[in-house]
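Notes follow the structure.
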Amino acid sequence: MPEGSLLFNPAPYHVISYGALLGTQFFHTFINSIISFKVLARPQFAVLQRAVFPAYFGIQTAAPIVLALTYPGGVLPQGISGVLHPTNRWGVLVPLTTAFVTGLTNLVYFLPETNKVTAQRRHQETKESKESQGKAQQSKEMKALNKKFGKLHGYSSLFNLMTLVCTVAYGVHLSARIQ
């Protein structure tokens, strides 16, 4: 290992960034969201998710960039050059790029669109004086909004899962380098 301060070595920043990304994804996807959904009323749950999602999707978007910039090359070049090295195509480049793209898509497309539909549903609820998820007969407008929300939410969840799977796949590659 080369002499010098760890302060200027990208490896610790890389491992910490990876741990933060995986931990954030695991906690939000499998613990925070599920518990929040179970214990909060729908309006409060929606407010919480609207407040959390920009930061969450921001982390999913920024962390793969940080991981690429701090890639500890070892025998390969460090940073972006190492990520782009042909031997790292499937274990590094594809998972990090996919995680970045899916996180960015959630941040800049699915989040604003879902928030827009949620606002339209609240407006329609007020107009109809009933909840969108209630047992009462729903109007055609509310059914259409619920269907649109379900589709957006489903794709967003799929992209979130893809980001998590890519993060784990990259972690497997990273762990194979530990000696």
Partners meeting ring pair (Phe, Tyr, Trp, His ring centres under 6.0 Å) with His153 (sequence neighbours left out): Phe149
Between Met142 and Gln137, is there a side-chain heavy-atom distance shorter than 4.5 Å? no
Side chains of Met162 and Thr98, heavy atoms from C-beta outward: is any pair under 4.5 Å? yes
Hphob cluster co-occupancy, Leu174 + Leu93, side-chain heavy atoms under 4.5 angstrom: yes
Non-neighbouring partners of Phe37 that pass ring pair (Phe, Tyr, Trp, His ring centres under 6.0 Å), sequence neighbours left out: Phe45
May I ask you to decide whether Glu125 forms a salt bridge with Arg42, counting only side-chain N to carboxylate O separations under 4.0 Å? yes
For a side chain to side chain donor-acceptor pair (under 3.5 Å) check, start with the C-alpha distance between Thr102 and Asn160, then their side-chain angles and the critical distance, and finish with the verdict. CA-CA 7 Å; Thr102 53; Asn160 182 61; over 6 Å; no
With sequence neighbours excluded, residues passing side-chain hydrogen bond (donor to acceptor under 3.5 Å, both in side chains) with His85: Thr87
Could you pull out all residues at least two apart from Lys148 that satisfy side chain to side chain contact (heavy atoms under 4.5 Å, CB included)? Val117, Leu152
Sorted by chain and residue number, the side-chain hydrogen bond (donor to acceptor under 3.5 Å, both in side chains) partners of Thr126 (sequence neighbours excluded) come out as none
Can you list everything that forms a salt bridge (charged side-chain N to carboxylate O under 4.0 Å, His left out) with Lys116? Sequence neighbours excluded, please. Glu113
Restricting to salt bridge (charged side-chain N to carboxylate O under 4.0 Å, His left out), what partner residues turn up for Glu128, sequence neighbours left out? none
By ring pair (Phe, Tyr, Trp, His ring centres under 6.0 Å), which residues pair with Phe26, not counting sequence neighbours? Phe30
Per the ring-ring contact (aromatic ring centres under 6.0 Å, His included) rule, what does the pair list look like for residues 93-112, sequence neighbours excluded? Phe110-Phe159
Would you sort out whether Gln49 and Ser33 count as a side-chain contact (heavy atoms from CB on, under 4.5 Å), showing the intermediate values? CA-CA 8 Å; Gln49 295 295 66; Ser33 290; 3.5 Å; yes
Which donor-acceptor pairs under 3.5 Å do the side chains of residues 63-74 make with protein atoms, sequence neighbours left out?
| from | atom 1 | to | atom 2 | distance (Å) |
| --- | --- | --- | --- | --- |
| Thr70 | OG1 | His14 | ND1 | 3.0 |
| Thr70 | OG1 | Val66 | O | 2.8 |
| Tyr71 | OH | Asn88 | ND2 | 3.1 |
| Tyr71 | OH | Arg177 | NH1 | 3.4 |

Under a 3.5 Å threshold, yes or no: a donor from one side chain and an acceptor from the other, between Asn115 and Arg50? no
Going by side-chain hydrogen bond (donor to acceptor under 3.5 Å, both in side chains), name the residues that satisfy it together with Ser17, two or more places apart in sequence or in a different chain. none
Quick note, ring-ring contact (aromatic ring centres under 6.0 Å, His included) partners involving residues 47-66, not counting sequence neighbours, are His28-Phe53, His28-Tyr56, Phe53-Phe57
